[in-house]
J.: 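Here it is, the structure, as structure tokens.
We name chains A, B, ... by the order of the sequence lines, and we start the count at 1 in each one. What you see below is based on every heavy atom in this structure, not just the backbone, and it leaves out hydrogens, waters and symmetry mates.
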Amino acid sequence: MSKRTLYSIIAILILLGVYSYEYFLNEEEKAEVVSEGKSTKSDTNAYFLPTSTTGQIIHHEGYSLSYSEPHEQAEWVAYELKKSQLSNSNFERPYFEIDKAVKTGAAHWRNYKNSGYDRGHLCPAADRRYSQLAHDETFLTSNISPQKHDFNAGIWNTLEQKVRYWASKYDGVFVITGGVLNGKMKTIGDEAVSVPNQFYKVLIDNNSGKPKMIAFLMPHEDSNKPLYEFVVSVDTLEKLTGIDFFPELDDAIENQLEASSSYKGWSF
DNA sequence: CTGTTGCGC
DNA sequence: GCGCAACAG
């Protein structure tokens with residue numbers, strides 16, 4: 001091997017090293033931007049963003065949300081729960097933090113202190129256990145709504161567990177959830193965080209060929225009724241909230257699926 | 001799993 | 001305010 005050839009090889013190796021290093025840095029920067037909620041999630045077949053009635057959509061690494069400043073909480077939180085993301089890792093509960101990506105200023109956790117209400121996760125911590133970052137991110141106050149403890153630890157928890165069951169059974173589901181920010185509501189704390197009178201959840205499974213949907217609307221109180229008694233059509237929720245849940249979906253399919261309050265195809 | 005409260009620093 | 005332990009449905 002000539003000296004010249006040797007130098008060429010060394011030069012190529014150095015260039016590769018520098019390139020890899022820069023690529024690595026870019027990846028880091030991207031992750032940083034996402035966690036600050038500044039980037040835009042690309043529209044994939046698996047990612048459905050509802051419309052925002054507030055004009056403030058924020059993207060985090062593990063979920064997106066639309067923040068309602070008057071009510072100091074999200075009007076919806078949306079995320080895909082893949083089967084591969086289901087995890088048993090048990091992270092320690094971090095402290096709640098103000099979501100700095102909310103330009104109008106997200107609520108402080110102090111509003112909930114001694115209020116008698118739980119800091120209820122909208123995107124459950126248990127749905128984001130595939131990484132420490134994703135898990136800890138669910139403890140931003142933009143992902144929290146005041147919930148009665150009996151409700152949160154009761155039927156709402158049961159529903160969240162059912163979502164994980166479906167994510168496993170159907171190889172992933174897309175989830176949209178929030179409180180109904182309508183009508184007369186009690187408020188808590190100095191910042192007057194609204195206490196929703198109802199909570200909803202909308203699911204779409206687009207992994208089995210033809211998409212299927214199911215929606216739940218629950219009064220803000222615990223119940224012993226079976227989950228399927230709370231199934232409503234997506235149309236009902238859209239009328240109630242003013243949110244268009246699947247604007248990207250083909251209109252014909254959207255109309256048909258959203259009108260249905262049948263839970264056929266969803267195994268309880 | 002879903003959470004809160006109390007205590008020491 | 002943070003870290004940790006104890007407790008409740």
J.: List in chain and number order the residues that pass side chain to side chain contact (heavy atoms under 4.5 Å, CB included) with A:T104, two or more places apart in sequence or in another chain; answer none if no residue qualifies.
T.: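 Checked A:T104 against side chain to side chain contact (heavy atoms under 4.5 Å, CB included); matches are A:Q56, A:Y67, A:E69, A:V102.
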
J.: Tell me every residue that passes side-chain hydrogen bond (donor to acceptor under 3.5 Å, both in side chains) with A:Y200, counting only those two or more places apart in sequence or in another chain.
T.: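 Not a single residue meets the side-chain hydrogen bond (donor to acceptor under 3.5 Å, both in side chains) criterion with A:Y200.
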
J.: Would you call A:K148-A:D118 a salt bridge at under 4.0 Å N-O?
T.: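 Looking at A:K148 and A:D118, the cut-off is not met.
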
J.: Tell me what A:R93 touches on the nucleic acid: a base, only sugar-phosphate, or nothing, going by heavy atoms under 4.0 Å.
T.: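 Here A:R93 touches the bases of the nucleic acid.
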
J.: Which parts of residues 187-196 of chain A get close to DNA chain B, meaning a heavy atom less than 4.0 angstrom away?
T.: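 Within this stretch, nothing sits under 4.0 Å of the strand.
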
J.: How are the rings of A:H60 and A:Y63 set relative to one another: parallel (under 30°), tilted (30 to 60°) or perpendicular (over 60°)?
T.: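 Tilted, since the angle between the ring planes falls between 30° and 60°.
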
J.: Under 3.5 Å, side-chain donor or acceptor atoms of residues 223-233 of chain A against the rest of the protein: list the pairs with distances, not counting sequence neighbours.
T.:
residue	atom	partner	partner atom	Å
A:S223	OG	A:K225	N	2.9
A:S233	OG	A:T236	N	3.1
A:S233	OG	A:T236	OG1	2.8

J.: So what does A:N88 hit on the nucleic acid, given a heavy-atom distance under 4.0 Å: a base, only sugar-phosphate, or nothing?
T.: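 Counting heavy atoms under 4.0 Å across all strands, no contact is made by A:N88.
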
J.: Where along nucleotides 2-9 of chain C does protein come under 4.0 Å, by heavy atom, of base (B) or sugar-phosphate alone (S), with - for untouched nucleotides?
T.: SB-----B

J.: In the hydrophobic cluster built from side-chain contacts under 4.5 Å, what are the other members alongside A:L181?
T.: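 Hydrophobic cluster check, A:L181: joined to A:M185.
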
J.: Residues of residues 215-230 of chain A with any non-hydrogen atom less than 4.0 angstrom from an atom of DNA chain B: list those, numerically ordered, please.
T.: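 Residues of residues 215-230 of chain A under 4.0 Å from DNA chain B: none.
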
J.: Indicate, with yes or no, if the rings of A:H108 and A:Y112 have centres closer together than 6.0 Å.
T.: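 No - the distance between ring centres of A:H108 and A:Y112 does not fall below the 6.0 Å cut-off.
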
J.: Minimum heavy-atom separation for A:A78 to A:P50, with atom names?
T.: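 Closest pair (atom of A:A78, atom of A:P50, distance): CB-CD, 4.3 Å.
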
J.: Identify, between A:S115 and A:N90, the residue whose nearest nucleotide on DNA chain B lies closer to the 5' end.
T.: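 Checking each residue's closest nucleotide, the 5'-ward one belongs to A:N90.
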
J.: Please list, chain by chain and in numerical order, all residues satisfying ring-ring contact (aromatic ring centres under 6.0 Å, His included) with A:W156, sequence neighbours excluded.
T.: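 If we apply the ring-ring contact (aromatic ring centres under 6.0 Å, His included) test to A:W156, skipping adjacent residues, the hits are A:F151, A:F199.
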
J.: Where does the chain A footprint on DNA chain B start and end, counting 5' to 3' with a 4.0 Å heavy-atom cut-off?
T.: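 Footprint of chain A along DNA chain B, 5' to 3': B:dC1 to B:dT5.
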
J.: Give one of base, sugar-phosphate or nothing for A:G154, where a contact means two heavy atoms less than 4.0 Å apart.
T.: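 Touches nothing.
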
J.: Give the table of side-chain donor-acceptor pairs shorter than 3.5 Å for residues 261-268 of chain A, with sequence neighbours excluded, one pair per line with atom names and distance.
T.:
residue	atom	partner	partner atom	Å
A:S262	OG	A:K264	N	3.0
A:W266	NE1	A:M213	O	3.1
A:S267	OG	A:Y165	OH	3.3

J.: Applying side chain to side chain contact (heavy atoms under 4.5 Å, CB included), name anything that partners A:D190, two or more places apart in sequence or on another chain.
T.: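 Once residues adjacent in sequence are excluded, the partners of A:D190 under the side chain to side chain contact (heavy atoms under 4.5 Å, CB included) criterion are A:N111.
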
J.: Quick check on the 6.0 Å ring-centre criterion: do A:H121 and A:F139 meet it?
T.: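 Yes, the ring centres sit under 6.0 Å apart.
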
J.: Check side chain to side chain contact (heavy atoms under 4.5 Å, CB included) between A:A167 and all other residues, then give those that pass, not counting sequence neighbours.
T.: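 Here the qualifying residues are A:L81, A:L86, A:V173.
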
